Amino acid sequence: MIFRARHLLGIEQLSPQEIVAVLDLADRYVDLNRRTVKQSDVLAGMTQINMFFEASTRTQASFELAGKRLGADVMNMSVAQSSVKKGETLIDTALTLNAMHPDLLVVRHPSSGAVNLLASKVNCAVLNAGDGRHEHPTQALLDALTIRRAKGRIQRLTVAICGDIAHSRVARSNLILLGKMENRIRLIAPPTLMPPGVDDFGCELFDDMAAGLEGADVVMMLRLQKERMDGGFIPSEREYYHRFGLDAEKLAHAKPDAIVMHPGPMNRGVEIDGELADDINRSVIQEQVEMGVAVRMACMDLLARNLRADRGMKATGVLV
Amino acid sequence: MTLYLENARIIDPEGDTITQGNVILDGGLIAAIGAASAPRDAQVIDCGGACLAPGIVDWGVKIGEPGERHKESFRSAGLAAAAGGVTTIIARPDTAPAIDTPEVLEFVTRRAAEASPVRIRHMAALTKGRMGREMTEIGFLLDAGAIAFTDATHVTTDTKVLARALTYARSLGALVVGHPQEPGLSLGAAATNGKFASLRGIPSVHPMAERIGLDRDIGLTELTGVRYHADQITTARSLPALERAKANGFDVTAGVSIHHLTLNEFDLGDYRTFFKLTPPLRSEDDRLAMIEAVASGLIEVIGSFHTPADEESKRLPFEDAASGAVGLETLLPAALRLYHAGQLTLPHLFRALALNPARRLGLPQGRMAEGAPADLVLFNPDTPFVLDRFALRSKSKNTPFDGNRMEGKVLATFVAGRQVFGDT
């Protein structure tokens with residue numbers, strides 16, 4: 001197994017082999033998670049701190065559960081309410097935490113690149129749980145695992161990513177991962193929600209759902225932030241739903257066995273039809289949540305192995 | 001005191017020549033060029049064949065006085081300038097408070113004269129507090145020595161206010177420096193539109209924002225007849241508009257920062273905040289177009305746009321970090337990259353660094369001629385070095401060139417015939 005990364009900052013730094021290594025290990029954790037006794041001790045004695053500078057329910061819960069199932073001591077810091085309000089800078093917060101000797105630091109931050117900055121200042125493994133509109137690597141990995149389990153492979157698929165691509169870190173991580181694994185990627189969005197420079201991304205671009213979904217194996221819907229619904233980027237919620245919301249009629253253009261994904265939380269009736277989201281024959285949204293815990297367990301397990309190896313080498317003087 | 005500088009490669013930006021020879025400085029002026037022997041009482045300095053050029057007139061420098069002396073004082077800026085071959089600093093008024101009254105202007109002028117080894121002239125704000133609502137006392141400020149008027153990077157959106165200020169400025173013959181930028185489009189942007197910025201999730205702006213700003217400013221120049229200088233043109237899209245304005249006979253000139261001539265958007269790399277500038281770094285195509293525009297004379301002025309920022313304001317996530325880079329000491333070696341790349345000759349480089357800004361600002365500096373002020377820089381364009389930011393004389397060390405291999409070492413700097421830097 002090849003996994004050399006010290007931190008998980010983004011998909012950009014991972015090789016295809018490393019991605020496969022995470023997915024293979026995560027598959028085993030899916031089995032563990034389905035047992036009644038879900039305990040493992042691979043992180044026993046290690047300390048995991050979840051530092052969320054931005055509100056989150058599911059990602060934070062998923063990371064917390066993943067750490068606990070692996071036997072780590074997990075601490076949640078809701079930084080949004082504490083020291084940051086008192087004017088402490090990100091680096092000072094990081095140094096303070098670093099002095100407590102955590103082994104794994106899970107960070108979400110509203111600014112792109114903030115997690116990279118933090119990782120350069122601490123000596124533990126850092127996992128990016130979403131930074132600004134940059135990357136959300138564990139989401140892309142859990143999506144890849146979901147696709148691989150549903151489709152039997154994660155290569156040579158046609159994947160349509162639809163919605164607010166401009167502001168979405170999920171879209172960025174996904175299109176990097178799917179590109180690395182040699183899939184055909186289509187981006188479907190109104191032009192106001194496409195990121196600048198998208199022409200150079202190497203994806204096929206559509207502003208029409210029917211055309212974009214034609215023959216797709218996977219349909220990934222993105223969440224549209226409430227504050228972007230009125231006037232600024234799109235004319236209205238109802239016009240958006242009419243043109244870009246996923247319903248059975250639009251989905252009919254995709255392959256008959258196409259799966260529907262959504263990173264959550266969903267806006268039913270805005271980007272996705274409520275009934276479709278619950279259709280167990282098409283929607284894998286619940287599986288995504290399940291895969292999320294397994295993928296995060298795999299990532300932390302792999303990073304912890306490298307961390308131990310590093311410290312071992314430092315202790316024996318092999319690595320300075 | 002009389003100085004005799006012998007055996008120099010004399011760079012004359014006006015005559016577009018490089019000649020080997022000797023120069024006599026006397027009474028603060030260049031007394032003679034090409035004199036065969038030293039006057040009897042002169043102090044002789046052997047230049048050893050190094051280049052002697054008019055000192056740099058760096059237009060658009062931010063100094064932290066008043067308000068932010070911990071970032072840069074007149075003393076530290078002056079020492080940095082002397083070490084960088086800059087003999088005249090044209091300072092920006094984006095201080096705290098802004099330089100928008102004759103009283104503040106007199107204060108900073110006096111402080112600068114006391115503390116700095118090089119000349120410092122101040123631009124004053126065009127509108128009070130640089131807020132874009134009411135014009136400043138342009139007449140009083142001119143009397144107090146304001147060399148030009150600008151709101152620095154703050155763009156006045158109320159065109160009625162701006163048109164009146166420009167009309168008033170024109171009646172007094174004042175030079176107005178604009179920052180061509182459409183502030184709505186560029187709001188919150190920290191990089192230039194493109195795949196690179198998008199994949200890093202950095203909010204970005206299209207280069208068209210600069211063109212729209214320039215088009216507007218040129219329109220107002222036509223309307224009011226004011227003398228207008230665009231502080232920084234950084235994208236190829238702005239060039240046709242600039243060319244047309246000049247062809248139409250409007251009194252328009254333009255500058256560019258050394259960083260936009262030597263760096264591009266990819267230098268941002270992994271969120272390196274020292275490369276966060278205003279306007280943001282552009283594509284490589286834009287960089288090459290800017291060099292071409294300087295070579296053709298369409299853009300007249302190269303400046304450092306020296307903007308000191310302390311460590312705290314740069315050690316932040318990219319979007320939140322302060323914008324700007326120091327440049328007084330690195331302007332010449334960075335500019336020499338263009339010379340070493342064969343893109344600009346040394347006389348042409350000094351036209352953009354010294355002669356053109358001085359002329360546009362109505363200063364006698366920038367010339368290598370008898371009777372011109374003896375503000376000179378002696379440098380070796382080929383001396384290689386690796387830049388260590390902590391060796392900079394500026395109080396702030398936010399240079400994008402840290403660790404870079406550069407060429408060009410200033411050996412001595414003279415202001416008004418007196419040596420202010422170097423140990424020759």
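Computed from a predicted structure; not experimentally measured.
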Student: Check Leu316(B) against Leu117(A) and note the closest heavy-atom contact, atom names and distance.
Tutor: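 Shortest heavy-atom contact: C-CD2, 3.6 Å.
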Student: Give me the atom names and distance for the closest heavy-atom approach of Phe201(A) to Ser198(B).
Tutor: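 Between these two residues, the closest heavy atoms are CZ-CB, 3.8 Å.
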Student: Given heavy-atom pairs under 4.5 angstrom as the criterion, report whether the side chain, backbone, both or neither of Asp200(A) touches chain B.
Tutor: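 Answer is both: backbone and side chain atoms of Asp200(A) are under 4.5 Å from chain B.
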Student: I'd like to verify something: which residue of Ile202(B), Leu199(B), Thr273(B) has the highest number of heavy-atom pairs under 4.5 Å with chain A?
Tutor: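 Maximum pair count with chain A is reached by Leu199(B).
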Student: Can you tell me how far the CG atom of Asn116(A) sits from the CZ atom of Phe318(B), to the nearest 0.5 Å?
Tutor: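 The CG atom of Asn116(A) sits 12.0 Å away from the CZ atom of Phe318(B).
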Student: Grab the two heavy atoms, one from Pro317(B) and one from Leu90(A), that are nearest each other, plus how far apart they are.
Tutor: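 Closest approach of Pro317(B) to Leu90(A), heavy atoms only: CG-CD2, 3.9 Å.
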Student: Is the CD atom of Glu182(A) crowded by more than 12 outside heavy atoms at less than 6.0 Å?
Tutor: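 Open: at most 12 neighbouring heavy atoms sit under 6.0 Å from CD of Glu182(A).
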Student: Give the member of Ala166(A), Ser112(A), Gly197(A) that has the highest number of heavy-atom pairs under 4.5 Å with chain B.
Tutor: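 It is Ser112(A).
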Student: Tell me, for Glu12(A) versus chain B, whether the close heavy atoms (under 4.5 Å) come from the side chain, the backbone, both or neither.
Tutor: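 For Glu12(A), the side chain is the part near chain B, not the backbone.
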Student: Specify the closest pair of heavy atoms between Ser111(A) and Glu319(B), including all atoms of both residues, with the distance to one decimal.
Tutor: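 Taking Ser111(A) first and Glu319(B) second, the nearest heavy atoms are CA-OE2, 3.9 Å.
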Student: Under 4.5 Å from any heavy atom of chain B, what part of His167(A) do you find: side chain, backbone, both or neither?
Tutor: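 Neither part.
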Student: Which of the residues Glu135(A), Lys121(A), His109(A), His134(A) is involved in the greatest number of heavy-atom pairs with chain B at under 4.5 angstrom?
Tutor: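 Most heavy-atom pairs within the cutoff with chain B belong to His134(A).
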Student: Can you establish whether the number of heavy atoms outside Met266(A) located under 6.0 Å from its atom CE is more than 12?
Tutor: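 Atom CE in Met266(A) is packed in, count exceeds 12.
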Student: So how far is it from Arg133(A) CZ to Arg200(B) CZ, rounded to the nearest 0.5 Å?
Tutor: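 Here the interatomic distance stands at 15.0 Å.
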